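Report on one structure; see the data block that follows.
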Amino acid sequence: MTEVAGGPSVPEPSEIRALKQCLLCRNHGREQHGVAASCLEELRSKACDILAIDKSLARVTLVLAEDGTVVDDDDYFLCLPANTKFVALAGNEKWAYNNSDGGTAWITQESFDGDETDSGAGLKWKNVARQLKADLSSIVFLSEEDLQMLIDVPCSELAQELSQSHVAVQGLQNTLQQVLDQREEARQSKQLLELYLRALEKEGSILLKQQESKAGLGDERDAVDTGIGESSSEIALTSQILTALKEKPAPELSLSSQDLELVAKEDPKALAVALNWDIKKTEAVQQTCNQELSLRLQQVQSLYSLRSISARKSSLPGEVQNPKQAKRDPT
């Protein structure tokens, strides 16, 4: 190092280090400060000044906010990326790790309990957002509470968490709202269906008593039943399906898609005889089964579509897609 007469010493070019942008915070606080330092000692000194730590009373240790790694080597410090967050620990303070805190592991449990209402809700939606970011098709399995929570999150915050544009996140929130609306419609439809089936059962019991009281019509009923009974022998439904149709209050919800298709395609008269129902009740149940089958097919198509979108979103922003291979010349 050379000295200029009458002035301060001038460092050699090899001793001049570039400033690194860093973030500083305390172990028991959320407020963070942006600083620039060329070495670890300079960062430690600035941490004491900015965070009001008396370095003469206690040694200050700098750790990574992400995982609590102690940073005490200048070479390691220089290898860290810009805007790395550091936690300043004074004296015997210990960094507390929480693997489910959504990236705020530097907050100790004491601090977290002190502000449970604020941070708890924030951490929960971030965890759900990360789950959605990893697999977009998981939207089908989210609870209604989780769906509503992501819908209520400000678009800008959700966009930052998902690393997506505001337009893309707005479209995602619209999709979440549609899924929520569909579930509410399904719930209301199920309730209406249960009421309808109860009414049909009540009506069926009344009709059965009326028919039993009319002994003179017994021969005619037997003749009609015999005529339809010939086609009932050709019913493709298993006893398990028939039992579900008879005993379940909403049988379409307990049957598989294949069973629903069999019920919907069955001859109404033959099915009515097999179930000992009137034709109106039988046709109503077949219609309900057909509607449930259509709804499930729509859900499957939506799932495939969401998985396709998830596959496209999972590619890195800078990743170059493989070009389509040119068709080979038949000659």
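Since we're looking at a predicted model, the values are computed, not measured.
Taking every heavy atom of both residues into account, A129 and L162 meet most closely at O-CD2, 3.3 Å. Residues Q164 and V169 come closest through the heavy atom pair CB-CG2, 3.9 Å. Closest non-hydrogen pair, A88 versus A47, comes out as CB-CB, 4.4 Å.
In terms of modelled atom types and a separation under 3.5 Å, the side chain of K46 and the main chain of A36 share a donor-acceptor contact. Looking only at distances, no side-chain donor or acceptor of S163 sits under 3.5 Å from a matching main-chain atom of A159. Proximity of a side-chain donor or acceptor of N290 to a complementary backbone N or O of Q286 within less than 3.5 Å is not detected. In this structure, the side chain of R59 does not engage the main chain of G91 through any donor-acceptor pair within 3.5 Å. Between the side chain of S45 and the backbone N or O of E41 there is no donor-acceptor pair closer than 3.5 Å. Not one N or O on the side chain of K85 forms a donor-acceptor pair closer than 3.5 Å with the backbone of E66.
For the pair V63 and T69, the minimum side-chain heavy-atom distance is 4.5 Å or more. The side-chain heavy atoms of L255 and L245, taken from C-beta on, include a pair separated by under 4.5 Å. The side-chain heavy atoms of L64 and V71, taken from C-beta on, include a pair separated by under 4.5 Å. For the pair I241 and V263, the minimum side-chain heavy-atom distance is below 4.5 Å. Using a 4.5 Å cut-off on side-chain heavy atoms (C-beta onward), L24 and L43 make contact. At a threshold of 4.5 Å between non-hydrogen side-chain atoms, the residues L150 and L158 count as touching. Counting heavy atoms from C-beta on, the side chains of D72 and T61 never come closer than 4.5 Å. In this structure the side chain of Q291 never reaches within 4.5 angstrom of the side chain of L295, judged on heavy atoms.
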Pair F86-C25, side chain to side chain contact (heavy atoms under 4.5 Å, CB included): steps then yes or no: CA-CA 6 Å; F86 294 87; C25 60; over 6 Å; no

Take L180 and L176 through the side chain to side chain contact (heavy atoms under 4.5 Å, CB included) test and state the conclusion after the steps. CA-CA 6 Å; L180 196 61; L176 295 175; over 6 Å; no

Take T84 and L23, measure what side chain to side chain contact (heavy atoms under 4.5 Å, CB included) needs, and give me the verdict at the end. CA-CA 6 Å; T84 298; L23 297 175; over 6 Å; no

Between R130 and N127, does a side chain to side chain contact (heavy atoms under 4.5 Å, CB included) hold up when you go through it step by step? CA-CA 5 Å; R130 289 190 181 95; N127 288 334; 3.6 Å; yes

Run the salt bridge (charged side-chain N to carboxylate O under 4.0 Å, His left out) check on R198 and E201 step by step: do they pass? CA-CA 5 Å; R198 291 175 186 173; E201 290 176 357; over 6 Å; no

Go through the steps to decide whether E161 and K133 satisfy the test salt bridge (charged side-chain N to carboxylate O under 4.0 Å, His left out), and finish with yes or no. CA-CA 9 Å; E161 186 66 31; K133 183 178 181 180; over 6 Å; no

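Across E31, Q32, H33, E93, a single residue satisfies side chain to side chain donor-acceptor pair (under 3.5 Å) together with R26, and that is E93. Looking at Q191, E184, E185 one by one, the single match for side chain to side chain donor-acceptor pair (under 3.5 Å) with Q188 turns out to be E184.
Here the CG atom belonging to D75 is positioned 11.0 Å from the CG atom belonging to L80, to the nearest 0.5 angstrom. Atom NZ of K280 and atom OG1 of T282 lie 12.0 Å apart (nearest 0.5 Å). In this structure, CG in L262 is found 8.0 Å from OG in S256, a value given to the nearest 0.5 Å. Atom NE2 of H166 sits about 10.5 Å away from atom CD of Q173, to the nearest 0.5 Å. Rounded to the nearest 0.5 Å, atoms NZ (K265) and CG (L237) are 12.5 Å apart. Between atom CD of residue E283 and atom CG of residue D278 there is a gap of 9.5 Å, rounded to the nearest 0.5 Å.
The side-chain hydrogen bond (donor to acceptor under 3.5 Å, both in side chains) contacts involving residues 144-160 comprise K124-E145, S143-D146, E144-R187, Q148-D152, where partners must be two or more places apart or lie in separate chains.
If you check the side chains of D181 and Q177, you find a donor sitting under 3.5 Å from an acceptor. Side-chain N/O atoms of E42 and S38 include a donor and acceptor closer than 3.5 Å.
The salt bridge (charged side-chain N to carboxylate O under 4.0 Å, His left out) search around E194 returns none, not counting sequence neighbours. A search for salt bridge (charged side-chain N to carboxylate O under 4.0 Å, His left out) contacts involving K246 returns nothing, not counting sequence neighbours.
There is no path of hydrophobic side-chain contacts, each under 4.5 Å, that joins L62 to W95. V35 and L78 fall within a single hydrophobic cluster, where Ile, Leu, Val, Met, Phe, Trp and Tyr are joined by side-chain heavy atoms under 4.5 Å apart, directly or via other members. Both L293 and L193 sit in one connected hydrophobic cluster of ILVMFWY residues. Membership requires side-chain heavy atoms under 4.5 Å apart, directly or through other members. A continuous path of ILVMFWY side-chain contacts below 4.5 Å connects V128 to L132, so both sit in one hydrophobic cluster. L40 and L89 fall into different hydrophobic clusters, where Ile, Leu, Val, Met, Phe, Trp and Tyr side chains are chained together by heavy-atom contacts under 4.5 Å.
No more than 12 heavy-atom neighbours from other residues, nucleotides or ligands sit within 6.0 angstrom of NZ on K190. For D49, the CG atom is densely surrounded, since the number of other residues' heavy atoms within 6.0 Å is greater than 12.
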